[in-house]
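Data block below; observations after.
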2 protein chains.
Amino acid sequence: MTTIKEVAARAGVSQATVSRVLNGNPRVSAVNRQRVEAAIQELGYRPNTLAKSLVTRRTHSAGMIVGSLGGPFYGDIMHEAERVLSRAGIHLIVTAGNDHLEEERSAVEFLLERRCDCLILHVNELPDHELARLAQDGPPLIIINRLLPEHAAHCIWLDNEKGAYLATRHLLERGHRHIACIAGPADKCDSNERIAGYRRALHDFGVTYRPEWLVHGHFAENGGYEAARVLLSRQSDITAAFCANDFIAVSAMEAFREAGLSVPDDISVVGFDDVMFTRHVMPRLTTIHFPVREMGRRAGLLALHLMGMAEGEAASGRLQPELVVRASTRSLG
Amino acid sequence: MTTIKEVAARAGVSQATVSRVLNGNPRVSAVNRQRVEAAIQELGYRPNTLAKSLVTRRTHSAGMIVGSLGGPFYGDIMHEAERVLSRAGIHLIVTAGNDHLEEERSAVEFLLERRCDCLILHVNELPDHELARLAQDGPPLIIINRLLPEHAAHCIWLDNEKGAYLATRHLLERGHRHIACIAGPADKCDSNERIAGYRRALHDFGVTYRPEWLVHGHFAENGGYEAARVLLSRQSDITAAFCANDFIAVSAMEAFREAGLSVPDDISVVGFDDVMFTRHVMPRLTTIHFPVREMGRRAGLLALHLMGMAEGEAASGRLQPELVVRASTRSLG
DNA sequence: ATAGTCCTTGTAAACGCTTTCACAACATCT
DNA sequence: AGATGTTGTGAAAGCGTTTACAAGGACTAT
């Protein structure tokens, strides 16, 4: 790899002059500028960002942690954040935390060691106080899909409770009174918020919640299949099910179908997230739209903001879910 | 940020000793080792990888370029590659090229400037000779989903032609003789290879290809909708369609349905890629399985190999597609 | 005693860049 | 004339690490 020194030698100037050309410093004579540019071309010189960052203390990069590099949810977030950031010359470095405490910690460590100018975190296991400490003595921090009350200005989150409320209310308004809830893992707060919204809706409509209506699945693909079977085995005359996400909903529908129940004729199903493929499943899934892309976009914007690179309002805050009615729910009777 | 110097001062030793502790060098007395470790804890010291890499000339990172950070295809590739690499202590840095020449170039530049130890490229626009040059004077290079004949040992690609052949043959074996092809964009080589496979199959079964059977869509979501409508407008009595990917297939099915055609009763449809949701669409899509995850895994493995960190065989080479028969195709008559 | 090992430690020179400072050369004002 | 800017330039210090290399101390073998 050629260095700035060699370029300087070739151009017959000092390193300082080459550096000035590289950084667009106007205090360089036209002659020298040309010479340097020629030398750069000829040698195929490529500045070493490591060295540069070492002295400038800026890496022009934002670090992001997501649950996993795969999957439609994170894909959209990364994609949108990257769009916003790259337009401002900031590169996004993404790493997976895999919803695992140790991995999340080491991911943070990794990004910190790389001296990212800003951190965008989607972490499940890292406890609040560690995040708080990080926010205090690290680079600017943005937390997505989670609310730290003391750091709300750095958080972007979804009103999960409301989403679940909307979904359940939709079922109630269509006359359903025996409504199951296939929730996510019991230890995720997303999951619990959604359960809360479900219960509030029941309560508002004067329906008494029954424990046998609730069952837990996991958020990944096929997460709802087993859960739905458990539910069915309980014989609890349900006519509708609110599912904590679309994967659960789709795989639960499969289980229902196998049990001879038709969706939506025998049982109505609502999902959550509105991931891309919900439009293509049959019946097309009624679900709660999660503005993921907006979340990604805002994360990028807020990052720029905190790095002092964006004008206008900060983009933190709560995002609103919306009900999308399709074909997997119908009125009772 | 605390530096190694401060740690040294606090522990009452030299920087060199701290560095030795950091790097697990055994030539440090137990006493000093403890002192240093204590100092590190107390100060919350975090080594600066930038500085480290500057001198060691290793960044312990592999750079990857994909078309976009979103989407199931790249998601899987990134995910699998990351799994393999992170287990070996190598971090994956992913950047999007957005299938755009300039962006791909600048993505390469970015990764090169970051001094990644290895590059994994999924690029569409970058011409062969630029890749060849890169392979020559840059870090180890891996090219996925594309074959550079002179660099086959660094490539991992899919036999697209064969996949298309299998798909088309399946339709032919079921008695179809008027088979459309909804291809991808005409300028992508994936797309053209798949067209070639389609035509070879027709030829092998003695069916004469007709130009009005071919229509181009794009690979993204809904890419097949318009294309299918064009196809229908041609009145070409087709009974089956081979689609160049699953997104095309799914949106084409929608167009067929809108036109009053039932899949598979009136028209059979085969997709390509076998992305996750094809199992959940209705009718469940017959498609060609593209071993994406295997491709990602191999890319990671090959990267390790080229960095001299893996034992065993190199993982380059051609991946085989497989036909997955589901419910969107049926026998004619 | 003396020389030869083996360990542990510190000193100082890199790594490739930016940036401050000083200085020369020249232009512009009293 | 002299004083005062203005510009373009290079020398050198520093960013936070690693890593020769050398040196000192504690042994052992003569």
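Chain A is the first sequence line, chain B the second, and so forth, proteins listed ahead of strands; every chain is numbered from 1.
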Nearest to the side chain of A:Asn48, which nucleotide is it out of D:dT17, C:dC17, C:dC15?
-> C:dC17
Rounded to the nearest angstrom, tell me the gap between atom CZ in B:Arg33 and atom P in C:dC7.
-> 15 Å
Round to a whole Å and report the spacing from CZ of A:Arg35 to P of D:dG8.
-> 15 Å
Does B:Leu126 offer a backbone N or O that forms a donor-acceptor pair with the side chain of B:Glu104 under 3.5 Å?
-> yes
5' precedence on DNA chain C between B:Arg27 and A:Ala51 (nearest-nucleotide basis) = B:Arg27
A:Ser29 side chain N/O closer than 4.0 Å to the phosphate oxygens (OP1, OP2) of D:dT9?
-> yes
Please evaluate the base of D:dG10 for a donor-acceptor partner in the side chain of A:Arg20 within a cut-off of under 3.5 Å?
-> yes
Do the side chain of B:Asn98 and the main chain of B:His100 share a donor and acceptor less than 3.5 angstrom apart?
-> no
C:dC15 C1' sits how many Å from B:Arg58 CZ, rounded?
-> 16 Å
For the residue pair B:Phe110 and A:His91, does the interplanar ring angle fall in the parallel (under 30°), tilted (30 to 60°) or perpendicular (over 60°) class?
-> parallel
Do other residues, nucleotides or ligands put more than 12 heavy atoms under 6.0 Å from A:Glu102 CD?
-> yes
A:Arg46 CZ to C:dC15 C1', in whole Å, measures 18 Å
Among D:dG16, C:dT11, C:dC17, find the nucleotide with the atom closest to the side chain of B:Val55.
-> D:dG16
Given atom CD1 of B:Ile4 and atom C1' of D:dT18, what is their separation to the nearest angstrom?
-> 8 Å
Whole-Å distance separating the CG atom of B:Leu54 from the P atom of D:dT18 = 11 Å
A:Asn32 atom CG is separated from D:dT9 atom P, nearest whole Å, by 4 Å
Separation of D:dT18 P from B:Gln15 CD (nearest whole Å) | 10 Å
Is there a donor-acceptor contact under 3.5 Å from the side chain of A:Arg20 to the main chain of A:Asn25?
-> no
Ignoring backbone atoms, test whether A:Ser19 places a side-chain nitrogen or oxygen under 4.0 Å from the OP1 or OP2 oxygen of C:dT18.
-> yes
